[in-house]
Colleague: 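Before I ask anything, here is the structure I am working with.
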Protein chains: 2
Amino acid sequence: MHAESSPTSRELLELVFQVAGRLREGFTRTAAELDLPPTQAQALASLEGSARMRDLAEVLACDASNVTGIVDGLERRGLVTRQPDPADRRVKHLVLTEEGERRRAALLAESARSADEVFDLPERDRLALRDLLKSLVPADWHASCDPRQ
Amino acid sequence: MHAESSPTSRELLELVFQVAGRLREGFTRTAAELDLPPTQAQALASLEGSARMRDLAEVLACDASNVTGIVDGLERRGLVTRQPDPADRRVKHLVLTEEGERRRAALLAESARSADEVFDLPERDRLALRDLLKSLVPADWHASCDPRQ
DNA sequence: TATTGTTATACTCTATAACTATA
DNA sequence: TATAGTTATAGAGTATAACAATA
């Protein structure tokens, strides 16, 4: 037998899913600790300054019809408000409340801490990992949400 | 400015999710081409020889109550049969039909081809990637299904 | 008592389609 | 006509709880 055989794509796939699973669990746990369902947490994390509903749908890579419910949840929790656009009355801008800003900061800080636990590597390895992963996704790639896609 | 700064855990997290997303899309597309919903495809891929319903729940990392429906689907498609265990009449063994074996072989072949497209790297890099990813998951880690964790 | 598989039920996240109000 | 957001609805995929049959 030889020392190291080239890993199969299936082995690499399983490892990627395991790492992604650990990261997802960490994020979901962090969100739950802040009383946020995962999708609301993802939306909150992405909100900076003022965004239109439409932009949020783009960022979340999901259909616009879902955004209504997600934002309803954030509004019910007092984290975000819908502000009319003075120039185009169809458009609504999402603006974080003070509590929304606090919650978002806590979410970002804690989820970063959680990801740090997973990526507990020396700088040399972090660089190598980043370069390898970068080479696996086209520059313009972005996920679609529909799991059936 | 310096040449390379250490990537943040957030950057690495996003890259892992992008790669996982590409892989998931590839698998889902392959499954759809073979007329299989993703979960049935995942179950079919894992079936080799004879497995109990219970084992399948373990492999899929989901509650046993879900397995009934998944196996119902595979049975409806004529890919698997439930065989009683002669020694323990509570237990049912899942046995692939001939068509089930064919479909599974096609699924494995095509999903491997699809993953190869993502992991299009020289052997040196595949080895490096495997070692890095391996260091990120505890040996005994395995995903939980509930997205609420 | 404990375990295997099933059923009933509910929740989350996604989609499509039809609608409104604007542009 | 086209776009922003909403509503209604449906379909996956998950869970928990209660159950029957069996160990």
Side-chain angles (χ1 to χ4, degrees), chain A residues 21 24-25 27-29 31-32 35-44 50-77 80-95 143-149, chain B residues 17 21 24-25 27-29 31-32 35-44 50-77 80-95 142-149:
Chain A
R24 186 181 50 74
E25 277 195 12
F27 183 79
T28 303
R29 186 171 353 94
D35 183 36
L36 291 167
T39 47
Q40 286 180 41
Q42 216 183 322
L44 182 63
S50 161
R52 304 180 312 148
M53 302 279 288
R54 209 72 199 181
D55 300 335
L56 188 51
E58 180 114 2
V59 168
L60 299 178
C62 72
D63 189 88
S65 62
N66 298 309
V67 176
T68 299
I70 295 168
V71 171
D72 284 349
L74 291 172
E75 206 171 32
R76 236 184 298 114
R77 287 174 158 82
V80 83
T81 59
R82 289 167 157 104
Q83 305 286 351
D85 181 310
D88 183 342
R89 291 193 300 180
R90 292 172 304 179
V91 171
K92 291 172 188 170
H93 292 274
L94 304 172
V95 179
S144 95
C145 262
D146 187 344
R148 290 165 305 177
Q149 138 63 272
Chain B
F17 281 162
R24 186 181 50 75
E25 277 195 11
F27 184 78
T28 303
R29 184 168 358 95
D35 183 37
L36 291 167
T39 47
Q40 287 180 41
Q42 217 184 322
L44 181 63
S50 162
R52 304 179 314 147
M53 301 280 288
R54 208 74 199 178
D55 300 334
L56 188 50
E58 179 113 3
V59 169
L60 299 179
C62 72
D63 191 87
S65 61
N66 298 309
V67 176
T68 300
I70 294 167
V71 171
D72 285 349
L74 291 171
E75 208 171 31
R76 236 183 298 113
R77 286 173 158 82
V80 82
T81 60
R82 288 166 157 103
Q83 304 286 351
D85 181 311
D88 182 343
R89 290 193 299 179
R90 292 172 305 180
V91 170
K92 290 171 187 171
H93 292 275
L94 302 173
V95 179
H142 94 114
S144 95
C145 264
D146 188 345
R148 291 165 306 179
Q149 133 78 272

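Here is how names work: the chains are called A, B, and so on, in the same order as the sequence lines, proteins then strands, and each is numbered from 1.
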Colleague: Would you classify B:A87 as touching base, sugar-phosphate or nothing, given that sugar-phosphate means primed atoms plus P, OP1 and OP2, and contacts are heavy atoms under 4.0 Å?
Modeller: sugar-phosphate
Colleague: For a quick check, with a 4.0 angstrom heavy-atom cut-off, what is the B/S/- contact string for nucleotides 1-7 of chain D, read 5' to 3'?
Modeller: -BBSSBB
Colleague: Could you state the interatomic distance from NE2 (A:H93) to OG (A:S50), rounded to the nearest 0.5 Å?
Modeller: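 Output value for this atom pair is 5.0 Å.
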Colleague: Taking atom C1' of C:dC13 as reference, at what distance in whole Å does atom CG of A:L36 sit?
Modeller: 16 Å
Colleague: Between A:R89 and A:I70, which residue's closest nucleotide on DNA chain C lies nearer the 5′ terminus?
Modeller: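 Upstream on the strand: A:I70.
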Colleague: Who passes side-chain hydrogen bond (donor to acceptor under 3.5 Å, both in side chains) against A:Q42, sequence neighbours left out?
Modeller: none
Colleague: Show your reasoning for whether side chain to side chain contact (heavy atoms under 4.5 Å, CB included) applies to B:L94 and B:R52.
Modeller: CA-CA 6 Å; B:L94 302 173; B:R52 304 179 314 147; over 6 Å; no
Colleague: To the nearest 0.5 Å, tell me how far B:K92 NZ sits from B:L56 CG.
Modeller: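 Between atom NZ of B:K92 and atom CG of B:L56 there are 13.5 Å.
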Colleague: In chain order, what residues pass the salt bridge (charged side-chain N to carboxylate O under 4.0 Å, His left out) check against B:R54, with sequence neighbours excluded?
Modeller: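 Checked B:R54 against salt bridge (charged side-chain N to carboxylate O under 4.0 Å, His left out); zero matches.
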